[in-house]
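In listed order, ligands and their atoms are each counted from 1. These numbers come from a predicted model, not from an experiment. In this chain, residues are counted from 1 in sequence order.
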Amino acid sequence: MEEKNMDQKNGADLLVESLIQHGVKYVFGIPGAKVDSVFEALRKVEDKIRIILCRHEQNAAFMAAMHGRLTGEPGVVLVTSGPGVTNLATGLLTATSEGDPVVAIGANVARSMRLKQTHQGLDNVAAMQAVTKSSIEVPVVNSIPEAVEMSFRLAVQKHGATFISVPQDVLLEATDLSCPLPLPQLHFGAAPLQSVEQAVSLLNGAQFPVVLLGLHASQPANLEAIRHLLKRTAVSVVCTFQGAGVVAHELVDQFFGRVGLFKNQPGDQMLDQADLVLTIGYDPIEYDPELWNKIVSSKKIIHLSCDPAEVHLTYAPVLELVGDIAASLNLLTPLLNKVEYPSEKNQSIKKLRQDLEDTITNGKNHQGSLIHPLRFIHELNQCIDKNTTILSDIGSHYMWLARYLRTYHPHQLLFSNGQQTLGVALPWAMAARLVKPQHKIISISGDGGFLFSAMELETAVREEIPFVHCVSGEMAPTIWY
Ligand SMILES: Cc1ncc(C[n+]2csc(CCOP(=O)(O)OP(=O)(O)O)c2C)c(N)n1
C-alpha cells in the first residue's frame, strides 16, 4: 500500500469528499484508532460538515435516524471498529424497522490483519447484516465513491439503514481520484391506471370503507393528496402512531384516532366493522395485522404505498397500488364517490368519536397533586403550535401521547413504532433541533428511558443544541432540561 505524503489525498479525504458531494451537513459519531483519519479529514472541512461528537454510538445512530426521518436524506453516523460498530446495532435496527434512511460508516482493521485475532477486530459486514438493508466493505481505495453512492441510494429507496465498512489501510491509502457527482435522484410515477380503476370500483362499492394511514403517509409530500382524498370522500380514517399529524384539523370529525400495540381503541372498532380497508403507506411492523384482521376474513384490503406489501398471512391485499403515493392518490381521488355509511350505524359511529373527544377534553379536569397523563397532555397542548416538534420515548407515557395528543402537522409528534426502542427521545430531540432550528423541541421519556441516553445532555450543552426534555415518573411528569 502506498501511504500519502503530506499534500496528497487519501481514502479518508475521498470518503469525506464523497459525503460533501451527497450534501451531508452533519456527521454524528465517536472517534477511535481505526477511524481517526476520517475525523481528521472532517476537521479540514468544518465549514461544510459539522461533527456532532456523541457520548455513545447508539445515540449517534438515533440522531442520524431522526435526521433521516425529518429530511428524507440519509443521516450519517461514523464509528470506529469493534465495539464502535457493535454499539450501532440497536440504533440501526430501529432505523431499518421504522423506515428512516441512515448511512453508517464503521472503520475496520487493516486488510492484512483480517485472519488474525487483533485489537478491535470484527467481521463488520456480518455483524451489521441483520440490522441494515445493505452491509458492504470497501475493497480498495478507489471504490469509496461507489460504496457511498450505493449506500445512499439504498438507504433512501429501501427506507432504512445501510452500512459501509472501511478498513484502516484503505482509509490511509493515497489516491488521486476525483469524486464523481452523485447520480440524480430517482422519481417514481403513479400506480398503473388499470389498478387505480380496480380500486375505484372496490371503494365505490364498499359499504363500510375505512382508511388506515401508516408511516409513509406522513411524508410531507403526500400530505395534500391524502387530505384531498379524505375531504372529497368523507371516508372515516384511522392512523398508526407514525401517521400522527396527517389528518388536518378541519377533518377531525372523520378521524377515529391512532391505533397500535393493543387492540382497544375507537379506531380498532372502526377497523373491525370495515368491509374494505384502504391502507396508505402502512407497514405491518407498525401494528401487527393479526390484531386488526383475521387469516380468513371478509374484509378486503387495498394496499397503496411506495413499496409492495410485505407477505403476511393476515395482510393479504386484494389489490396493490404501488408507486408514488401522492401521484396514485391524485389519479384515484377524482373518481371516488362520497362515502355514505349505513344509517343504522350512524349513532354508534358518532358515539365512538364523541367518547374519544370527551377523553381528550376531560384532561383539564384531572386534578390532584400527582399530574394525570391526560392533564399533562392538556397542558402540553396549550404550548404547542405549528413550530413545535415533540419526540416521544417508550413506556406508559408513549401510549397516552400516541392516543390522546392531537397534532395536525406530519412529523410533529414522533414515535419509535416498530422496535419501540427505549432511549430514543432525547437523542432524537437533538437531531430534530438541528434540522428545525426555528422549532421548539420537546422530548418526553419515562425515568427508565431517560437513563438510556441521558449522557447526551452533555453533548447538547457542549454543542449548544437547546430543547426541553420532560421525564415522567409514574403518572407524574416533571420538567428537566
Ligand atoms: C431497549 C429496550 N429495552 C426494553 C424495552 C421494554 N420496555 C418497554 S417500556 C419499558 C419501561 C419504560 O419505563 P420508563 O422509561 O420509566 O417509562 P414509563 O413507562 O414510566 O412511562 C421497558 C423496559 C424496550 N422497549 N426497549
Proximity of Tyr282 and His303 rings by center, below 6.0 Å: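 Judged by ring-centre distance (under 6.0 Å), Tyr282 and His303 do not meet the cut-off.
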Answer with yes or no after comparing the ring centroid distance for Trp400 and His372 against a 6.0 Å cut-off, counting only values under it.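 Yes: the rings meet the under 6.0 Å criterion.
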Out of curiosity, is Ser472 lining ligand 1, as in a heavy atom under 4.0 Å away?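 Contact check Ser472 vs ligand 1: positive.
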Could you pull out every donor-acceptor pair under 3.5 Å between side chains of residues 151-158 and any protein atom, sequence neighbours left out?
from	atom 1	to	atom 2	distance (Å)
Ser151	OG	Ala147	O	2.8

Less than 3.5 Å between some nitrogen or oxygen of [X] and one of ligand 1, yes or no?
{"X": "Gly473", "value": "no"}
{"X": "Thr421", "value": "no"}
{"X": "Phe450", "value": "no"}

Would you give the length of the straight line joining atom OG1 of Thr421 to atom CG of Leu93, rounded to the nearest 0.5 angstrom?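 The OG1 atom of Thr421 sits 6.5 Å away from the CG atom of Leu93.
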Could you measure the distance from the CE atom of Met128 to the CG atom of Asn124? Nearest 0.5 Å is fine.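 It is 7.5 Å, given to the nearest 0.5 Å.
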If we set the cut-off at 4.0 Å for heavy atoms, which region of Phe452 has an atom near ligand 1: side chain, backbone, both, or neither?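 For Phe452, only side-chain atoms sit under 4.0 Å from ligand 1.
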Give a yes-or-no answer on whether the side chains of Glu149 and His22 include a donor-acceptor pair shorter than 3.5 Å.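 Checked: Glu149/His22 side chains pair up, N/O donor to acceptor below 3.5 Å.
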Checking side-chain hydrogen bond (donor to acceptor under 3.5 Å, both in side chains) against Glu57, which of Asn87, Thr90, Thr80 comes through?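 Of the listed residues Asn87, Thr90, Thr80, the side-chain hydrogen bond (donor to acceptor under 3.5 Å, both in side chains) partner of Glu57 is Asn87.
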Considering the heavy atoms of [X], write down every atom of ligand 1 situated less than 4.0 Å from one of them.
{"X": "Ser396", "answer": "18 (P), 19 (O), 20 (O), 21 (O)"}
{"X": "Gly449", "answer": "14 (P), 15 (O)"}
{"X": "Gly448", "answer": "14 (P), 15 (O), 16 (O)"}
{"X": "Gly395", "answer": "9 (S), 17 (O), 18 (P), 19 (O), 21 (O)"}

Counting only heavy atoms, tell me which of Gln420, Gln58, Gln419 gets closest to atom 25 (N) of ligand 1.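 Heavy atom nearest to atom 25 (N) of ligand 1 belongs to Gln420.
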Nearest-option assignment for atom 2 (C) of ligand 1, heavy atoms, candidates Ile394, Val424, Leu422: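 Minimum heavy-atom distance to atom 2 (C) of ligand 1 goes to Leu422.
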Can you list the residues that meet the ring pair (Phe, Tyr, Trp, His ring centres under 6.0 Å) rule with Phe163, with sequence neighbours excluded?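 Here no residue qualifies.
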